[in-house]
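Report on the structure given below.
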Amino acid sequence: MAWTNTEIARQLGEIAELLRLDDADAYRVRAYERAAGAVGAASEDLGQLSKSELTDVHGIGSSTADKIIEFQQHGEIGLLAELRARVSPGLVAMTRVPGLGPKLARRLHDELGLDSLDDLAAALDDGRVASLDGMGEKSAAKLAHALERIGAKDTDRTPVADVLDFVAELCRRLGDLEAVERVDIAGSLRRLRETVGDVDVLVATDDPAAVSASLRDDAELVAEVLAEGDTKLSIITRGPGVQVDVRLVPADSWGAALLYFTGSKAHTVRIRERAVRRGLTVNEYGIDERESGKRVAGTTEEEAYAALALPWIPPTMREDTGEIEAADEGTLPRVVEEADLQGDLHAHSDVSGDGKASLETMVKAAAERGLRWWAVTDHAENLTMNGATRDELLARRERLGPLGDKYGITLLDGLELNIDAQGGVDYDDDFLATFDWCVASIHSMLDRDSAQQTERICQAMTNPHVHTIGHPTGRQIGRRPGYELDWERVFETAVATGTALEINGSARRLDIAGDIVRRAIDAGITLTIGSDAHSVGDLDNLRWAVKTAQRGWATVGDVLNCRDLDGVRGFVRAKREDGPGG
DNA sequence: GCCGTTTTCGGCCCGACTGTTTTCAGTCG
């Protein structure tokens with residue numbers, strides 16, 4: 001079988017990491033990092049390509065192409081095997097400590113014989129690290145502290161769901177300060193990566209010292225100050241205990257700073273290289289002519305991109321996965337935006353047990369958000385403890401018309417069905433046929449293997465009354481991985497049966513993820529967006545679902561929620577009439 | 001190791017913060 005791009009990218013990434021520790025030429029390291037990124041972003045299976053096809057991919061040259069072919073043929077890359085033999089795993093582990101990079105790790109290993117995090121802790125404790133040339137008590141104390149911090153966590157990244165509320169409050173407080181003109185989230189949180197390493201917050205101000213001092217002294221938000229300078233304050237927060245870097249810039253640098261600090265790193269590097277080719281230089285303060293130093297852009301992001309002859313690129317697409325090339329060629333898709341949504345296709349009321357708000361409260365909130373239609377998809381009866389009975393659902397049905405009229409929104413009579421071990425769902429076809437909209441999801445037997453979960457989902461899709469599959473992989477970010485579905489089979493079955501796949505907007509789920517969204521679109525799948533709201537506040541999840549859709553380059557045409565009521569009903573009808581048994 | 005609107009060779013993105021080395025290297029994003 002062919003190796004996946006993900007695995008090839010991992011191999012190349014590990015080569016880069018080990019080369020860096022082996023003190024290799026920095027540009028050679030970077031070349032492997034870039035190649036790994038290019039492989040990870042490729043939409044076709046690189047394991048199948050010839051050498052000349054491989055070198056056609058930007059970032060892959062002759063040498064890397066040989067490595068990929070070597071891996072495909074032998075399941076191993078000789079260079080990586082050599083590096084693994086030469087660079088000890090303990091050395092790699094030590095570089096996981098924030099503030100401890102490859103140079104210092106190498107010295108600790110060579111000069112002090114340290115070869116694990118335990119060795120490092122001991123050497124910090126007895127003063128050997130502090131006594132190294134160029135080190136001192138303060139450096140050692142910082143490392144000891146950083147080591148303690150990573151020791152308490154099993155990963156150095158935090159799920160977005162754990163930081164969103166806290167960061168919103170932090171931004172609100174910053175925004176209330178006299179000296180603050182603008183405040184916004186940048187970094188991976190703006191791009192909505194599913195986990196964040198640290199949080200970047202951008203502040204426009206004429207008085208950075210005042211802003212920095214105000215936040216630094218806010219004991220409710222700040223557990224610890226890591227660094228404080230004229231343009232940056234780094235803190236560890238209370239609450240989620242995450243690092244937040246607050247960048248302080250003048251208002252006329254806002255756009256350049258937003259571009260710079262939103263990243264991704266790969267995207268901004270490409271941007272700066274493009275600038276150099278055009279005789280410009282880009283930093284967080286602006287875009288300047290290289291020769292004269294004359295400022296040509298910087299106040300807004302649109303202006304900054306325009307100075308590089310590019311349209312504005314949505315933050316969610318800035319991963320260097322082809323967006324710069326597409327923008328350059330004028331083929332960047334206009335991705336779906338929250339304002340394009342006409343409705344929500346997955347949400348709950350307290351008719352099913354885990355809903356936290358009444359049907360009327362939810363309907364009112366949905367209408368106030370400007371949605372034209374809203375599908376209430378309470379849990380069906382097989383969900384132990386929480387499912388609604390047939391009678392409860394029939395009673396709910398009677399209320400939908402009047403409530404819709406009262407609040408000026410059309411309500412779709414919906415269900416969230418439970419996919420059982422064999423791919424069946426809660427109710428018979430006759431009863432299901434009386435509903436407007438059905439999501440079907442796996443809520444039980446989450447430990448089944450990949451083949452079984454794929455089979456359950458594909459079987460459920462053959463039901464003419466199952467319109468979309470809810471949170472398809474079942475993942476909960478930071479808690480449990482999703483099942484490894486056989487995507488090719490899932491896509492084929494979805495197309496054959498006219499079934500959609502959901503992008504679930506719960507920040508804990510973001511399921512399916514952006515990279516799968518992109519593959520699904522290529523396969524011709526229709527996507528649905530679901531807030532999976534169990535409370536009024538959860539309706540905000542639509543925003544996260546939309547951002548996830550953008551990460552997969554989804555357009556209005558790919559997302560069922562962007563259609564009017566007739567469009568949704570047409571999709572439902574097409575499935576019932578054309579699907580197996582329809 | 002990769003790449004080409006100066007180049008098939010010789011470059012390759014930019015700046016802040018920290019600690020400590022009185023002029024800068026390492027790390028980070």
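In what follows, every chain begins at residue 1, and chains take the letters A, B, ... in the order their sequences are listed. The shown structure was predicted, so the numbers you read here are calculated from the model rather than taken from an experiment.
The stretch residues 65-102 of chain A participates, sequence neighbours left out, in these ring pair (Phe, Tyr, Trp, His ring centres under 6.0 Å) pairs: A:W3-A:F71. Screening residues 84-94 of chain A for salt bridge (Lys or Arg N to Asp or Glu O under 4.0 Å) gives A:E14-A:R84, A:D22-A:R86 as the qualifying pairs, with residues at least two apart or on separate chains.
When distances run from any side-chain atom of A:T64 to the nucleotides B:dG1, B:dG29, B:dG26, the shortest one goes to B:dG1.
Qualifying ring-ring contact (aromatic ring centres under 6.0 Å, His included) partners for A:F261, counting only residues two or more places apart in sequence or in other chains: none. For A:R290, the salt bridge (Lys or Arg N to Asp or Glu O under 4.0 Å) criterion is met by no residue, not counting sequence neighbours. Every residue two or more places apart in sequence or in another chain was checked for a salt bridge (Lys or Arg N to Asp or Glu O under 4.0 Å) with A:R277, and none qualifies. Applying the salt bridge (Lys or Arg N to Asp or Glu O under 4.0 Å) rule to A:K265 yields no partners; only residues at least two apart in sequence or on another chain are considered. Residues satisfying the salt bridge (Lys or Arg N to Asp or Glu O under 4.0 Å) test with A:D118, not counting sequence neighbours, are none. Listed by chain and number, the residues in a side-chain hydrogen bond (donor to acceptor under 3.5 Å, both in side chains) with A:R28 amount to none (sequence neighbours excluded).
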5' to 3', nucleotides 6-18 of chain B under a 4.0 Å protein heavy-atom cut-off (B base, S sugar-phosphate only, - none) gives ------BBBSSSS

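Looking at DNA chain B, the stems built from 3 or more consecutive Watson-Crick or G-U wobble pairs, each pair with its key distances under 3.5 Å, are B:1-4 with B:9-12, B:14-19 with B:24-29.
Using a 4.0 Å cut-off between charged side-chain N and carboxylate O, A:D328 and A:R274 make a salt bridge.
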Interface polar pairs with nucleotides 22-25 of chain B, N/O, under 3.5 angstrom:
none

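Non-hydrogen atoms lying under 4.0 Å from DNA chain B are contributed by nothing in residues 113-133 of chain A.
Using a distance-only test at 3.5 Å, with no hydrogens or angles considered, a donor-acceptor pair links the side chain of A:R238 to the main chain of A:A219.
Among the heavy atoms of the strands, none lies under 4.0 Å from A:E33.
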